[in-house]
Amino acid sequence: MRIEEFSTVDLDENANGLYIIDQTLLPNETKMLTLTAQEEIWDAIYKLKVRGAPAIGVAAAIGVYLAAREIEADNYDEFYAAFMEKKAYLASARPTAVNLFWALDRMERSVAASKDKPVREIIAVLHDEAIRIRDEDAEVCRAIGKHGLPLIKDGMGILTHCNAGTLATVRYGTATAPIYLATEAGVKNLRVYCDETRPLLQGARLTSYELHENGINTTLICDNMASIVMKNGLVDLILVGCDRVARNGDAANKIGTSGVAILAKHYGIPFYVCAPSSTIDISLATGAEIPIEERSPDEVTEMWYKERMAPRGISIYNPAFDVTDNDLITGIITEHGILRPPYEDSIKKIFGNS
Ligand code: MRU
């Protein structure tokens with residue numbers, strides 16, 4: 001099944017639930033879920049059934065709209081207080097991808113701007129804002145693709161890490177958008193290398209799956225093979241996604257990304273981060289302030305194995321993200337164009353003085 005034939009994340013057709021593809025089952029099983037209860041939606045975000053920064057944002061926007069419909073309130077103040085509780089609950093599902101908070105804040109602003117409306121109209125406003133967040137995501141990803149397209153030439157080898165593809169967004173992906181658009185534009189003989197991305201295997205299970213399904217020449221490698229692939233001259237360009245960019249251009253992405261960037265510098269390969277402007281958190285001065293999610297030890301020791309593959313009682317450290325220092329990043333491809341160092345200045349240009 002071609003990935004574009006189903007939605008990663010949407011409001012279900014009867015507007016009764018959050019409609020997602022369960023990413024934990026891919027590539028072996030394609031199962032769509034319609035989630036209605038808030039606990040189910042929280043759990044789907046926490047367990048990565050829906051994952052990737054932009055997709056998490058869209059899921060949260062739809063989730064909080066569905067939650068708001070359940071609120072029984074006679075006036076704005078009561079409604080707003082209950083809405084803020086629902087918002088805080090969904091915001092607690094994961095800490096690193098700023099799109100979760102960005103989307104929920106947007107939903108809150110649309111409530112605050114509707115102060116004078118009756119509750120039923122505020123619900124309609126929330127519906128429209130969630131749909132707008134969904135639709136903008138596809139447009140923004142396509143624009144990232146358009147700006148990244150000139151970097152891609154016939155015969156290139158491109159390496160990516162984790163899944164910043166269609167599955168992590170509404171459509172096109174961020175890091176994959178330039179690849180999909182290049183293919184659409186007739187660029188020939190592209191080769192894409194996917195890091196498998198331990199421990200949750202987003203590269204193996206999701207990126208290599210969606211690229212392969214879409215007819216792109218894809219080679220899966222273990223994370224520790226990236227160096228030899230680069231050394232052997234097989235990689236001309238690196239494109240990765242991002243979960244949060246600080247004001248100075250430091251960028252948090254899936255664990256292992258900063259190692260790829262260090263290797264890229266060693267081998268002189270351009271390293272680009274692809275990120276919608278919604279992933280830039282101008283409230284943070286540097287990447288040191290980005291909260292890094294730590295996940296369960298079993299993801300390292302047993303999740304994909306027939307039996308436990310580590311001694312019992314051993315200490316496990318399982319950070320889900322790392323921060324790539326800005327001086328390792330050749331450019332940040334956004335919907336507004338490619339930002340270049342110094343990022344403090346180029347980021348300021350797209351946000352103005354806000
Ligand atoms: O833990 P995950 O799978 O949600 O992590 C996802 C990533 O790190 C992606 O690269 C990032 O969110 C960019 S998605 C366009």
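Just so you know, ligand 1 is whichever comes first in the structure, and atom 1 is the first atom listed for that ligand.
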(message) Measuring from atom 1 (O) of ligand 1, which candidate in Arg51, Gln23, Arg94, His161 has the nearest non-hydrogen atom?
(response) Arg94
(request) Determine the sole option in Ile329, Ile280, Asp345, Ile333 for which the side chain to side chain contact (heavy atoms under 4.5 Å, CB included) test with Leu339 is passed. (result) Ile280
(request) Would you please name every residue forming a side chain to side chain contact (heavy atoms under 4.5 Å, CB included) with Lys117, sequence neighbours left out? (result) Ser114, Glu121, Ile122, Val125
(request) Taking only heavy atoms of Gln202 into account, list the atoms of ligand 1 that are under 4.0 Å away from them. (result) 1 (O), 2 (P), 3 (O)
(message) Tell me whether Arg171 is salt-bridged to Asp137, with the criterion being a basic N under 4.0 Å from an acidic carboxylate O.
(response) no
(message) Run the salt bridge (Lys or Arg N to Asp or Glu O under 4.0 Å) test against Arg51 and tell me which residues pass, sequence neighbours left out.
(response) none
(request) Distance to 0.1 Å, residue and atom name: give those for the protein heavy atom nearest to atom 9 (C) of ligand 1. (result) Asn253 OD1, 3.4 Å
(request) Check each atom of ligand 1 against the heavy atoms of Cys242 and keep those under 4.0 Å away; list them by number with element. (result) 11 (C), 12 (O), 13 (C)
(message) Would Asn163 count as a contact residue for ligand 1, given that I'm defining contact as a non-hydrogen atom of the residue lying under 4.0 Å from a ligand atom?
(response) yes
(request) Look only at interatomic distance and state if Ala53 has a nitrogen or oxygen under 3.5 Å from any nitrogen or oxygen of ligand 1. (result) yes
(request) Enumerate the atoms of ligand 1 whose separation from the nearest heavy atom of Leu48 is less than 4.0 angstrom. (result) 1 (O), 3 (O)
(message) Please verify the inter-ring angle class for His127 with Tyr65; under 30° counts as parallel, over 60° as perpendicular, anything in between as tilted.
(response) perpendicular
(message) Tell me whether Glu29 at atom CD has more than 12 heavy atoms from other residues, nucleotides or ligands lying less than 6.0 Å away.
(response) yes
(message) Salt bridge or not between Arg106 and Glu108? Use side-chain N to carboxylate O under 4.0 Å.
(response) no
(request) Looking only at protein heavy atoms, identify the closest one to atom 14 (S) of ligand 1 and say how far it is in Å. (result) Ala168 CB, 3.5 Å
(request) Please write down residue, atom name and distance for the protein heavy atom closest to atom 11 (C) of ligand 1. (result) Asp243 OD1, 3.2 Å
(message) Just to confirm my output: which protein heavy-atom neighbour is closest to atom 5 (O) of ligand 1, and how far is it?
(response) Lys254 CE, 3.2 Å
(message) Regarding Glu289 and Arg244, does a basic nitrogen lie under 4.0 Å from an acidic carboxylate oxygen?
(response) no
(message) Check for me whether Pro54 has a heavy atom closer than 4.0 Å to any atom of ligand 1.
(response) yes
(message) As an exercise, identify every atom of ligand 1 less than 4.0 angstrom from a heavy atom of Gly52.
(response) 4 (O), 12 (O), 14 (S)
(request) Taking only heavy atoms of Phe321 into account, list the atoms of ligand 1 that are under 4.0 Å away from them. (result) 1 (O), 5 (O), 8 (O)
(message) Less than 4.0 angstrom from a charged side-chain N to a carboxylate O is my criterion; do Arg132 and Glu129 meet it?
(response) yes
(message) How far is atom 15 (C) of ligand 1 from the closest protein heavy atom, and which atom is that?
(response) Thr174 OG1, 3.1 Å
